[in-house]
Amino acid sequence: MAVLHAVYRSDWEHGCRWRGWLPAQGIALGADTLGHAQRLMSAAVARNGQREQWVEHTEHPVGDGLWVRQALDERVLEREHATRVLMEALDDQRLRARLATLPDCLLGGVVVCVCVPGDTLEWILGQHDGQGALVVAAAVTNHQVWWNALTGATHTGHLDLPVAGSLAELDLTDPDTTVDDWITTTDCGRVVTRAPTSGALIA
């Protein structure tokens, strides 16, 4: 069974301080605290019978409409290191400007997902909302980050970024394919498309 991804967005600009959402299902809810958002999400996931198969993430704004997403799993220390490298890279205003051209996710803004070696394609695709862009980022050295933007095919004509091709064209179709394989397949800073999916955000 595919893993369900529950994301908690620290969103101080709205009436609620935290918003929980399930990107693959387009379901969103609001809460005053992270703990409250987690309890609401736990109840929602349990109703779907998937309590055993889910992973939680947090999203934090870093300016210019960008959100950094980090999983709260057993590899949190590796993800924290990758996040530090990513944040250093995001000091470059040229990179921020390039990422700003990507289409917004359903909840708004462009999400940059922090990945570490071994994260699978299935794990990454489960975090895409089927509408906007999901920037897949990984630290390749202590000071260098690789990234590709995963989008729907309909968005590529409006972007000022090179398109590497679709997941199928790049032979990235096996669910067990890892981000390591993706890194060896495409150069940094490319757009990769996936098959379009439908989804609606439920407030």
Side-chain angles (χ1 to χ4, degrees), residues 1-11 17-29 31 33-62 66-90 105 107 109-130 133-150 167 172-185 188 192 194:
M1 176 184 292
V3 172
L4 183 67
H5 296 271
V7 179
Y8 307 105
R9 175 174 282 196
S10 173
D11 196 354
R17 295 182 178 180
W18 286 89
R19 287 198 283 176
W21 67 304
L22 302 173
Q25 297 184 2
I27 297 173
L29 50 86
T33 66
L34 175 57
H36 184 206
Q38 288 177 306
R39 288 191 297 274
L40 291 174
M41 189 61 69
S42 180
V45 171
R47 283 195 298 272
N48 289 339
Q50 293 177 295
R51 184 65 179 90
E52 300 295 324
Q53 297 291 328
W54 69 317
V55 63
E56 297 176 295
H57 309 254
T58 57
E59 277 182 2
H60 297 278
V62 293
L66 302 176
W67 297 81
V68 171
R69 179 184 297 170
Q70 182 178 328
L72 304 173
D73 61 7
E74 68 279 359
R75 305 184 69 186
V76 68
L77 293 179
E78 291 176 77
R79 297 189 194 283
E80 286 176 356
H81 169 73
T83 300
R84 284 193 296 272
V85 178
L86 171 63
M87 295 304 294
E88 183 178 297
L90 288 176
C105 69
L107 217 56
V110 176
V111 174
V112 183
C113 176
V114 176
C115 292
V116 296
D119 284 343
T120 65
L121 181 65
E122 180 179 53
W123 190 85
I124 294 167
L125 288 175
Q127 298 182 58
H128 191 264
D129 65 8
L134 178 69
V135 179
V136 179
V140 291
T141 71
N142 285 336
H143 300 285
Q144 183 181 9
V145 68
W146 169 94
W147 64 272
N148 269 194
L150 182 65
L167 290 172
L172 298 172
T173 54
D174 187 328
D176 293 328
T177 297
T178 67
V179 69
D180 315 67
D181 300 317
W182 195 340
I183 290 170
T184 61
T185 302
C188 180
V192 175
R194 62 169 295 177

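Under the 30°/60° scheme for interplanar angles, the aromatic rings of H57 and H5 are found to be tilted.
For the atom pair L167 CG and T177 OG1, the distance stands at 9.5 Å (nearest 0.5 Å). Here C115 contributes atom SG and W146 contributes atom CH2; the two are 7.5 Å apart, rounded to the nearest 0.5 Å. In this structure, NE2 on H36 lies 14.0 Å from CH2 on W18, to the nearest 0.5 angstrom. Rounding to the nearest 0.5 Å places CG of D119 at 7.0 Å from SG of C113. One finds the CG atom of L22 at 8.5 Å from the CH2 atom of W54 (value rounded to the nearest 0.5 Å). Here the straight-line distance linking atom CD of E56 with atom CG of L34 works out to 8.0 Å at 0.5 Å rounding.
Residues G20 and M41 share a closest heavy-atom pair of C-CE, 3.4 Å. When every heavy atom of I124 is checked against every heavy atom of V179, the shortest pair comes out as CD1-CB, 4.3 Å. Of all non-hydrogen atoms in R9 and C105, the two that sit nearest each other are NH2-SG, 3.7 Å. Nearest heavy atom pair, residue W67 against residue V62, reads N-CG2, 4.5 Å. Taking all atoms of both residues into account, the shortest heavy-atom contact from A137 to V145 is CB-CG2, 4.1 Å. Closest approach of H60 to S10, counting heavy atoms only: ND1-CB, 3.6 Å.
Inter-residue side-chain proximity for V136 and W182 is flagged as met; some heavy-atom pair is nearer than 4.5 Å. Looking only at side-chain heavy atoms (C-beta outward), L150 and L125 come within less than 4.5 Å of each other. Side-chain contact check for V135 versus L66: every heavy-atom pair is 4.5 Å or farther apart. For the pair R84 and N142, the minimum side-chain heavy-atom distance is 4.5 Å or more. Put simply, the side chain of M87 does not reach to within 4.5 Å of the side chain of V114, judged on heavy atoms.
Between the side chain of T83 and the backbone N or O of R79, at least one donor-acceptor pair lies under 3.5 Å. Checked by atom type and distance alone, the side chain of D176 never pairs as donor or acceptor with a backbone atom of T120 at under 3.5 Å. Side-chain N or O atoms of R69 include none that pairs as donor or acceptor with a backbone N or O of L134 at under 3.5 Å. The main-chain N or O of D181 is found under 3.5 Å from a side-chain atom of T185 such that the two form a donor-acceptor pair.
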Assess the residue pair V7 and V111 against the criterion (side chain to side chain contact (heavy atoms under 4.5 Å, CB included)); give the C-alpha distance rounded to whole Å, side-chain angles, the decisive distance to 0.1 Å, and a yes or no.
CA-CA 11 Å; V7 179; V111 174; over 6 Å; no
